[in-house]
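Input: a single structure, listed below in structure tokens.
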Amino acid sequence: MSEYNPREIEKKWQDRWKKENIFKVEMDTKKEKYYILEMYPYPSGKLHMGHLRNYTIGDSFTRFKRMNGCNVLYPMGYDSFGMPAENAAIDEGANPEEWTDRNISIMKSQQKSIGLSYDWSREIYSHDPNYYHWDQWFFLKMLEKGLAYRQESYVNWCDKCVTVLANEQAQGGKCWRCNSDVEQKFLTQWFLKIRDYADELLDGLDTVEWPEKVKIMQRNWIGRSEGSIIRFPIVGEDRTIDIFTTRPDTLYGVTFMIFAPEHPWVRDWVKGTEYENEFEELYNEVMKEDKFKRTDLEAEKKGMFIGKYCINPMTKEEVPVYISNFVIYEYGAGAVMAVPAHDQRDFEFAKKYNIPIKIVIQPFDYEISVDKMTRAYEADGVLVNSEEFNGMANRNAINVITEKLDKMRMGNATVNYKLRDWGISRQRYWGCPIPVIYCNDCGTVSVPYEDLPVLLPKDVKFTGKGNPLETSESFINTKCPKCGKPGKRETDTMDTFIDSSWYFFAFCDPPRPEFEVFPYRKEVVNYWGNVDQYIGGIEHAVMHLIYARFFTKVARDLDLHKFDEPFQRLLTQGMINKAHPYCPKCDAFAMRAEMNDETCKRCGTKYVLKSVKMSKSYGNTVSPEEVVGKYGADAARFFILFGASPEKGLEWSDQGVSFAFKFVSGLWSLFLDSDMKKRSERNVNDELIEYQLHKTIQLVTENMNKIAIRDAINEIIQFVSNLRVYKINSVIEELFKSCQEYLLLLLHPFIPHITEELWEKTGHENLLSLAKWPDYNKDFITEENDYKWKLMNNTIDDIKSIVQVLKEKEINTIKLIIADEWKYDLFSIFMPLTEKTKNQGEIMKEIMKNDNMKKYGKEISKIIGNVLKNIGGYSKTLLDAKSEKQFFEDIKANVKQKFECEVEIFLEKEIDESKAKQALPGKPGIIIQ
RNA sequence: GCAGGAGUCGCCAAGCUUGGUAAAGGCGCUGGACUCAGAAUCCAGUCUCAGAGGAGUUCGGGGGUUCAAAUCCCCCCUCCUGCACCA
């Protein structure tokens with residue numbers, strides 16, 4: 001027998017698959033298509049365990065589907081625009097494009113080393129001009145349809161670095177490079193009207209098979225709420241502020257208005273007034289605040305009166321206008337009506353600034369008063385102080401008041417969404433340029449389609465200050481496509497979520513220079529699309545998955561394809577964790593530098609091991625490269641798939657990997673070590689192994705259809721251990737070989753290399769990768785076989801537990817006693833009864849109706865008591881006394897071998913011992929001597 | 001703050017959808033076989049008690065529903081994840 005050498009055989013089969021080009025797929029309307037996609041990676045430079053897990057899950061499922069006869073589309077590409085490349089340029093003077101290309105080639109070779117069965121001919125790179133050409137095309141189409149527009153919005157800004165900061169660069173309100181305070185700065189930016197699709201995005205969730213938690217997150221993110229718009233005229237001006245509220249029933253209780261400090265009207269109002277200085281101070285303070293903190297219910301509410309008044313459209317009263325940090329410009333109108341009596345935050349604000357409080361809702365069963373209130377009353381009640389609406393239940397008043405406002409043309413019912421339009425402008429170089437030119441005469445002008453793509457220029461400087469694109473004269477200065485006079489290009493690039501919003505369609509028909517009019521051919525995408533199974537991290541539950549859904553709907557409306565939803569089924573994989581030193585006293589994990597210490601540096605407490613997410617800062621990462629190098633790709637895949645269910649967290653453990661390796665290499669001897677006893681006469685073991693085999697095929701198939709990969713593998717492991725036992729005893733060669741063959745088919749999706757090698761070594765000439773998934777034979781999976789299998793194992797377990805209690809006594813003989821016939825009759829009456837009731841009295845009464853049971857009354861009562869106590873342990877009996885005896889005769893040899901002693905089988909009446917009386921159907925009496 | 005998820009033997013992890021033997025499987029540990037010895041492999045044990053297959057205790061904590069709860073309902077605690085977020 002040769003030795004298992006993973007490195008050698010993995011290379012061999014990877015080369016062979018590549019040479020024969022077996023994973024390349026073409027459109028074929030005669031075959032059932034299936035599209036499996038993993039979220040394409042950002043090429044950060046190295047594969048990490050999360051990637052390995054993602055791809056291993058996807059590849060196993062792909063191989064399973066392929067063996068089931070599907071025409072499987074399984075592509076790979078790279079989300080290659082993004083900040084790390086630009087940071088490398090700033091920090092190390094790297095060229096972003098070269099840096100990215102180099103990373104891609106490293107990652108690709110690592111991916112290839114784990115045997116993933118991609119159709120590599122369909123690769124996509126976001127930074128490929130042939131690809132981002134169509135980002136720009138989509139943008140222009142949206143501009144034409146009025147789905148793209150420009151608006152002011154604020155960004156994180158570091159004044160020292162003169163640059164915009166991403167949220168992750170502005171953590172804790174400090175700039176990551178220079179540690180100075182982050183401010184909020186207004187910039188004019190491009191937005192996409194995702195809100196136009198809000199309702200459809202909500203409804204579409206009912207048509208996809210996604211984890212319920214992801215759907216819930218998206219519903220909350222879209223945040224549809226029904227309410228009213230109420231128009232408050234502004235004193236001394238013609239305009240109104242149209243605020244949104246879900247509580248128009250409290251309109252009579254409005255005692256002031258609150259604007260967001262960054263609302264543009266506010267600055268105009270205070271300009272040149274006594275409020276100006278205080279406003280500027282407050283404004284600057286608020287602009288430095290963390291946005292989460294601002295809306296925290298517990299956070300300090302800061303505000304001021306700004307000398308302005310609005311008019312309550314219903315009462316015509318003038319109410320003062322305040323500004324406060326807890327009102328945010330982006331939501332609704334950027335201003336709210338304040339009802340201190342019935343809103344806790346308004347209440348706190350009013351108390352702090354001595355603003356009047358007016359109760360307009362009284363609880364149904366008691367009375368509240370302004371003097372005694374310690375918090376706002378937010379629950380339901382009856383309207384008071386509300387003129388004609390007094391006495392009305394507030395829930396009803398919501399509609400009635402809105403209708404009246406509508407008649408007065410001072411408001412209307414409306415639907416509001418938390419979902420905000422998608423700001424796509426980024427002040428960065430390494431992204432897709434927005435194809436727009438600004439002309440002094442013609443204004444904002446689209447780049448003509450025939451001039452696409454607008455290429456990223458190469459003559460840029462990476463200084464860490466400002467947008468590098470602004471340093472490229474050749475890029476900025478251009479001609480206006482309309483009038484031909486000098487114009488300036490937009491220097492903002494697109495959010496990289498744009499790239500990932502349609503790449504799944506591009507894989508169906510990858511972009512080529514010769515495509516001129518559309519990004520892909522409709523009939524090709526309609527064949528392959530949509531994605532049948534999408535696999536990726538839970539961290540994308542909201543943003544990426546909602547943007548991609550939005551793009552899908554926009555593209556459908558552009559008649560590019562027929563799909564409403566991009567991803568039919570979704571699997572969100574769990575994270576990878578690893579045990580790491582942890583100090584229970586400080587409640588902190590050791591950092592990278594301390595990870596080899598025994599005690600905590602801060603308090604001296606002894607570290608304990610605790611599981612935590614793998615990350616660079618803890619230094620507890622394990623590189624896939626290392627693991628594959630040491631144990632081989634198959635063992636690495638096996639560990640990852642068996643360690644935890646795909647959607648759960650997976651704990652990395654070195655022992656786990658070495659088990660995986662042992663299991664995989666153990667297959668080698670199971671298949672190739674031909675030392676075994678052969679026989680030609682069938683016995684009960686053949687029957688049982690056949691039953692096991694078909695049962696396993698059935699369970700593995702069912703589990704794989706659900707992508708319950710771990711459960712599938714678990715079944716296989718148990719079958720392998722049964723097959724080992726079968727082999728050690730004695731085999732019918734033909735049957736053993738067929739078990740081997742089936743086993744390779746079942747294992748192949750998970751560990752493709754070794755199975756392919758063993759397939760060849762056991763005499764097959766075709767490629768296992770292209771073999772057909774086995775069907776199971778229902779004839780073997782009978783209830784009777786199920787019952788026999790359990791009967792045998794339960795009996796052996798019982799013997800074991802008796803032997804254990806007996807401690808060291810030597811065993812000479814095991815007597816198995818089959819129960820008297822009347823007990824079988826009893827069970828056939830009794831077991832069906834337990835499905836109706838578990839009440840012993842009722843059951844006894846029912847049984848005693850049978851005359852031939854009466855004489856055993858006392859015994860029956862005892863039996864039934866015991867069985868009911870442990871009802872799950874007994875199943876419907878399927879054998880009568882005679883066939884049960886026969887079965888025990890059949891397995892006698894097995895028991896004999898197991899316990900190395902004599903085994904005798906008796907009928908209850910043949911033996912006169914009290915222990916014999918314990919015999920029950922499906923539970924023979926046992927006497928050990 | 002809002003939203004989502006998780007807590008089951010020493011460790012990892014099934015079971016929860018559909019209430020009915022809790023702990024499958026792996027790791028680790030203990031004993032045995034084989035070895036000069038170790039490694040590997042195989043066998044047995046691994047919540048507690050037990051000289052007969054039994055009894056008892058247990059699924060983060062506390063209540064409740066039920067003949068029966070890890071599973072269903074309510075409250076609380078701890079941990080993790082995401083965020084453009086109250087109107």
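Reminder, nothing fancy here: chain letters follow the sequence lines and each chain counts from 1.
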Would you tabulate the pairs of protein nitrogen or oxygen atoms and nucleotide nitrogen or oxygen atoms of nucleotides 41-44 of chain B closer than 3.5 angstrom?
unit_1, atom_1, unit_2, atom_2, d
B:A44, OP1, A:K898, NZ, 3.1

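- In this structure, A:T245 reaches the sugar-phosphate backbone alone: every heavy-atom distance under 4.0 Å involves primed, P, OP1 or OP2 atoms, never a base.
- Straight-line distance between the C1' atoms of B:U57 and B:C49: roughly 11 Å, to the nearest whole Å.
- Annotation: ring pair (Phe, Tyr, Trp, His ring centres under 6.0 Å) contacts of A:F899 (sequence neighbours excluded): none.
- Remark: B:U41 base-pairs with B:A33; criterion is Watson-Crick or G-U wobble with both hydrogen-bond distances under 3.5 Å.
- With the nearest nucleotide of RNA chain B identified for both A:K213 and A:L650, A:K213 has the one nearer the 5' end.
- In this structure, the side-chain contact (heavy atoms from CB on, under 4.5 Å) partners of A:M217, at least two apart in sequence or on a different chain, are A:I538, A:A541, A:V542.
- Judged by closest nucleotide on RNA chain B, A:G656 is the one of A:I194 and A:G656 placed further toward the 5' end.
- Among residues two or more places apart in sequence or in another chain, the ring pair (Phe, Tyr, Trp, His ring centres under 6.0 Å) test is passed with A:Y322 by A:F256, A:F305, A:F349.
- Residues forming a ring pair (Phe, Tyr, Trp, His ring centres under 6.0 Å) with A:F661 (at least two apart in sequence, or on another chain): A:Y631.
- Counting only N and O atoms by type, the side chains of A:E715 and A:N703 include no donor and acceptor under 3.5 Å apart.
- Close to B:C2, at under 4.0 Å from its OP1 or OP2, lies no side-chain N or O of A:K418.
- The C1' atoms of B:G4 and B:U8 are separated by 22 Å, rounded to the nearest whole Å.
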Are any protein N/O atoms closer than 3.5 Å to N/O atoms in nucleotides 52-54 of chain B? If there are, list each pair with its distance.
unit_1, atom_1, unit_2, atom_2, d
B:A52, N6, A:I928, O, 2.6
B:A52, N1, A:I928, N, 2.9
B:G53, O2', A:D798, OD1, 3.1
B:G53, N7, A:Q918, OE1, 2.9
B:G53, O6, A:Q918, OE1, 2.6
B:G53, O6, A:I926, N, 3.4
B:G53, N1, A:P924, O, 3.1
B:G53, N2, A:D798, OD2, 3.0
B:G53, N2, A:P924, O, 3.0

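- Judged by Watson-Crick or G-U wobble contacts below 3.5 Å, the nucleotide B:U46 has B:G28 as its partner.
- The distance from the NZ atom of A:K800 to the NZ atom of A:K898 is 4.5 Å, given to the nearest 0.5 Å.
- In this structure, the NZ atom of A:K215 is 17 Å from the C1' atom of B:G5, given to the nearest Å.
- Salt-bridge formation is detected for the pair A:E212/A:R219: a Lys NZ or Arg NE/NH1/NH2 atom is positioned less than 4.0 Å from an Asp or Glu carboxylate oxygen.
- Comparing B:C27, B:A13, B:A87 against the side chain of A:V336 picks out B:A87 as the nearest.
- Looking only at atom types and distance, the side chain of A:T402 has a donor-acceptor partner in the side chain of A:S228 under 3.5 Å away.
- Figure legend. B:U65 is base-paired to no nucleotide; pairs are counted as Watson-Crick or G-U wobble with both atom distances under 3.5 Å.
- Counting any heavy atom pair closer than 4.0 Å across all strands shown, A:V542 reaches no nucleic acid atom.
- The gap from the C1' atom of B:U66 to that of B:A70 amounts to 16 Å, rounded to the nearest Å.
- Checked against side-chain contact (heavy atoms from CB on, under 4.5 Å), A:D196 has the following partners two or more places apart in sequence or in another chain: A:L147, A:K193.
- Comparing the P positions of B:A22 and B:C47 gives an interatomic distance of 15 Å, to the nearest angstrom.
- Regarding A:I843, its CD1 atom lies at a distance of 13 Å from the C1' atom of B:G20, rounded to whole Å.
- Rounded to whole Å, atom P of B:U48 lies 11 Å from atom CD of A:Q804.
- In this structure, CD1 of A:I546 is placed 17 Å from P of B:A3, rounded to the nearest angstrom.
- B:U21 sits 12 Å from B:C16 when the P atoms are compared, rounded to a whole Å.
- Using a 4.0 Å heavy-atom criterion, one finds that A:F642 contacts the sugar-phosphate atoms exclusively.
- When the side-chain contact (heavy atoms from CB on, under 4.5 Å) test is applied to A:T496, the partners found at least two apart in sequence or on another chain are A:F81, A:D499.
- Base pairing of B:U81 is made with B:A3, judged by Watson-Crick or G-U wobble geometry with both donor-acceptor distances under 3.5 Å.
- Residue A:S645 is in sugar-phosphate contact alone, with no base atom involved, counting any heavy-atom pair closer than 4.0 Å across all strands shown.
- The C1' atoms of B:C9 and B:C67 are separated by 29 Å, rounded to the nearest whole Å.
- The nearest whole Å value for the distance from the CZ atom in A:R710 to the P atom in B:C12 is 13 Å.
- When rounded to the nearest whole Å, the span between CD1 of A:I717 and P of B:A13 equals 16 Å.
- Contacts of A:N220 with the nucleic acid, taken as non-hydrogen atoms under 4.0 Å apart, involve only primed sugar atoms and P, OP1 or OP2.
- Aromatic ring orientation, A:H544 versus A:H540: perpendicular (interplanar angle above 60°, classes split at 30° and 60°).
- Rounded to the nearest Å, the gap between the C1' atom of B:G28 and that of B:A37 is 24 Å.
- Nucleic acid contact for A:L419: base, since at least one base atom lies under 4.0 Å from a heavy atom of the residue.
- In this structure B:U58 sits in no base pair that meets the Watson-Crick or G-U test at under 3.5 Å.
- Rounded to an integer number of Å, the gap from A:Q573 CD to B:U81 C1' is 14 Å.
- Per the geometry, NZ belonging to A:K648 stands 11 Å off P belonging to B:U8, to the nearest Å.
- Residues meeting the ring pair (Phe, Tyr, Trp, His ring centres under 6.0 Å) test with A:F750, sequence neighbours left out: none.
- If you check distances only, the side chain of A:D343 never reaches the base of B:A87 with a donor-acceptor pair under 3.5 Å.
- Across B:G7 and B:G61, the matching C1' atoms stand 11 Å from one another, rounded to whole Å.
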